[in-house]
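Please read the structure below before turning to the comments.
Residue numbers run from 1 in the order of the sequence given.
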Amino acid sequence: MNEIKLRQKLRGEHKLSPKSFIGANLLLVPASELTAICRRLAGDNALIHFSAPQNATFSIDGAGDLYESIAARPSMDSALYPQICACPGFSAFSGTAASPLFWSSLLDVSGFLNCTIEEAAAYARVDAASVGSFIERLRDYVEPAGLFAASLFDSLLIQLRRRALEGTPAWRLLSEGGEALIRGRAAAWGAANGMSSDEIVVALRLLRTLDPAPGKNFSPPSFLIPDVEFLVEGEKITPRLILENMPLVENYFCEFENFSCETLKEKWLRGEWSAARETLKKLGMRYRTLMRTAIYIASAQKEKVISPELPPKPLTYQDAGSAISLHASTVCRMMRNCACRIRGRSYPMTIFFSRPSASAKNLSVASLRGNIAAMRAEGLTNREIGERLGVPTRTVAWHSAKIMAERRR
């Protein structure tokens, strides 16, 4: 008979304790839904009430059911990111303008510019001529056609130019007879400018095929409500909870002033006390865990916090989970539902995570792909890029294919 020996030793496996379990449901909830979940947990409580933070908005119940069987469209930022990286001239920028997210942030929901070229240049600290020149390149490069236009008419003209239809009756009607087109007098304008009625009909039919709002081909923008703010003062980073974005907790204790202590101990109030206590406990666990994660990120990704446009250093959810004693999957789901604020701008917490490249452990995948996209825009081959970055050619080719796949998507 074999002898079985039990050996006791410390193991680093993560186990779901009861305390971790009761706080998990609020840990994975985005800030925009937190008030509603707290109200549901507390129920129609006689002791406390949760109110939404000031200026917060919530989605309409059941609005998502209408589209549950439709494939989600990519966001504007994710769809334009690889295209902007590969656009000729992008590699010449540095600082704020070197981030593709800066350029996509210049667009409104319709895909038109939301500011002047001078305002964009002042924000990025780049001369206006360089910004205007690159925007012209983006107009002729990115898909769908018509993005980065200054107005609806400019967007339609860009779409006609991309179809090689300059000089056609539709082009003339749009560029020269725009006022008449708005007033519904296209036929009269065409007759006065030597265009036949058939040409006007064909031109109008062609104009109706153009997209008046190319930006709406993407998923609508989601508004981030940040939970944590990183205060940057030189090289010092101080994470703090954004109290104004937390649910407001109101109590009704003043209504019990005239009741005796015996009344407050009655059985019907025990459930109220318990629900209030458990909800506040879960809420506290959520924010304690967020602060622990933020403190770790401030240390592990210091350069990224100071300059968000930089690619992150290699950091996995497993690394963060080990540091704060949480499972990697819990950290992953938590970061996907949380946002932070840096210098007045909101960012998803996922920007701080990127796995290391298999061929270059000192480079994250995000950093590697950013370098590859910039060098491909300069016309370098996969072998030349690999020699510069010190990675195999096959690695460069694989990531290049991934970048192109994201662009086609």
Per-pair distances, 0.1 Å, donor-acceptor, side chain in residues 202-211, under 3.5 Å, sequence neighbours excluded:
residue: T209; atom: OG1; partner: R163; partner atom: NH1; Å: 3.4
residue: T209; atom: OG1; partner: L206; partner atom: O; Å: 2.5
residue: D211; atom: OD1; partner: A213; partner atom: N; Å: 3.0
residue: D211; atom: OD2; partner: N217; partner atom: ND2; Å: 2.9

N/O donor to acceptor pairs below 3.5 angstrom from side-chain atoms of residues 164-174, sequence neighbours left out:
residue: T168; atom: OG1; partner: L165; partner atom: O; Å: 2.7
residue: T168; atom: OG1; partner: W171; partner atom: N; Å: 3.4
residue: R172; atom: NH2; partner: N193; partner atom: O; Å: 3.2

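Separating the CH2 atom in W103 from the CZ atom in F90 is a distance of 8.5 Å, to the nearest 0.5 Å. Remark: R288 CZ to M285 CE distance equals 6.5 Å, nearest 0.5 Å. Taken from CD1 in I117 to OG in S130, the straight-line distance is 11.0 Å, to the nearest 0.5 Å. Distance check: I295 CD1 to T238 OG1 gives 10.0 Å after rounding to the nearest 0.5 Å. Rounding to the nearest 0.5 Å places CD of Q318 at 9.5 Å from OG of S329. Separation of atoms CD1 (I324) and CG (D319) is listed at 11.5 Å; rounding is to 0.5 Å.
Every residue two or more places apart in sequence or in another chain was checked for a salt bridge (Lys or Arg N to Asp or Glu O under 4.0 Å) with R137, and none qualifies. With sequence neighbours left out, Y317 forms a ring-ring contact (aromatic ring centres under 6.0 Å, His included) with F353. Considering only residues two or more places apart in sequence or on other chains, R240 meets the salt bridge (Lys or Arg N to Asp or Glu O under 4.0 Å) condition with E229, E244. By the side chain to side chain donor-acceptor pair (under 3.5 Å) test, R185 pairs with no residue at all, sequence neighbours left out. With sequence neighbours left out, F352 forms a side-chain contact (heavy atoms from CB on, under 4.5 Å) with F230, I297, Q301, K304, V305, C340, I342, M349. Residues that satisfy the salt bridge (Lys or Arg N to Asp or Glu O under 4.0 Å) test with E119, not counting sequence neighbours, are absent from this structure. Residues satisfying the side-chain contact (heavy atoms from CB on, under 4.5 Å) criterion with C38, sequence neighbours excluded, are L26, L34, F50, T279, L283. Listed by chain and number, the residues in a side-chain contact (heavy atoms from CB on, under 4.5 Å) with E233 amount to none (sequence neighbours excluded). Partners of E384 under the salt bridge (Lys or Arg N to Asp or Glu O under 4.0 Å) rule, at least two apart in sequence or in another chain, do not exist in this structure.
When side chains are defined from C-beta on, M246 does not count as touching P53, because their heavy atoms never get closer than 4.5 Å. Residues P30 and I225 form no side-chain contact, since every pair of their non-hydrogen atoms from C-beta on lies 4.5 Å or further apart. At a threshold of 4.5 Å between non-hydrogen side-chain atoms, the residues P356 and T316 count as touching. Looking at heavy atoms from C-beta onward, P311 lies out of side-chain contact with S354 at the 4.5 angstrom threshold. In this structure, the side chains of L107 and L80 come closer than 4.5 Å at one or more pairs of heavy atoms. No side-chain heavy atom of V29 sits less than 4.5 Å from a side-chain heavy atom of K282. Between L138 and I84, some side-chain heavy-atom pair lies under the 4.5 Å cut-off. Side chains of V142 and C87 form no contact here, defined as non-hydrogen atoms less than 4.5 Å apart.
When all heavy atoms are compared, the tightest approach of V228 to P239 is CG1-CB, 4.3 Å. Nearest heavy atoms, F153 versus G178: CE2-CA, 3.7 Å. Between R343 and P308, the shortest heavy-atom contact is NH1-CD, 4.4 Å. The two atoms that bring N45 and L47 nearest to each other are OD1-N, 2.7 Å, heavy atoms only. Summarising the geometry of E309 relative to S99, their closest heavy-atom pair is CB-CB, 3.8 Å, with the distance given to 0.1 Å. For the residue pair A52 and L248, the shortest heavy atom distance occurs at O-CD1, 3.9 Å.
The backbone N or O of P348 sits nowhere less than 3.5 Å from a side-chain atom of R336 that would complete a donor-acceptor pair. A donor-acceptor contact shorter than 3.5 Å is absent between the side chain of R125 and the backbone of G95. Side-chain N or O atoms of T96 include none that pairs as donor or acceptor with a backbone N or O of A124 at under 3.5 Å. With hydrogens and angles ignored, the 3.5 Å screen pairs a side-chain donor or acceptor of S105 with a backbone N or O of F102.
Within the structure, the salt bridge (charged side-chain N to carboxylate O under 4.0 Å, His left out) test picks out the following pairs touching residues 290-303 (sequence neighbours left out): E235-K302, E303-K313.
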Inset, instruction - Tell me, with the steps shown, if L152 and L156 meet side chain to side chain contact (heavy atoms under 4.5 Å, CB included). - result: CA-CA 6 Å; L152 172 61; L156 298 179; 4.1 Å; yes

Inset, instruction - Using the side chain to side chain contact (heavy atoms under 4.5 Å, CB included) rule, take E176 and W189 through it: C-alpha gap first, then chi angles, then the decisive distance, then the call. - result: CA-CA 10 Å; E176 302 174 18; W189 182 90; 3.6 Å; yes

Inset, instruction - Show your reasoning for whether side chain to side chain contact (heavy atoms under 4.5 Å, CB included) applies to S104 and Q83. - result: CA-CA 10 Å; S104 59; Q83 299 189 60; over 6 Å; no

Inset, instruction - Please lay out, stage by stage, how V396 and M375 fare under the test side chain to side chain contact (heavy atoms under 4.5 Å, CB included). - result: CA-CA 11 Å; V396 178; M375 293 182 185; over 6 Å; no

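In summary, the side chains of R394 and N382 do not present any donor paired with an acceptor at a separation below 3.5 Å, with no hydrogens or angles considered.
In this structure, D154 does not pair ionically with R139, as no charged nitrogen and carboxylate oxygen lie closer than 4.0 Å. Note on E143 versus R162: salt bridge recorded, some NZ/NE/NH1/NH2 to OD/OE distance being below 4.0 Å.
In the displayed structure, R161 atom CZ is contacted under 6.0 Å by more than 12 heavy atoms of other residues, nucleotides or ligands. Y123 OH: 12 or fewer foreign heavy atoms inside a 6.0 Å radius. Around atom CG of D127, more than 12 heavy atoms belonging to other residues, nucleotides or ligands sit under 6.0 Å away. Counting heavy-atom neighbours within 6.0 Å of Y81 OH, excluding the residue itself, gives a total of 12 or less.
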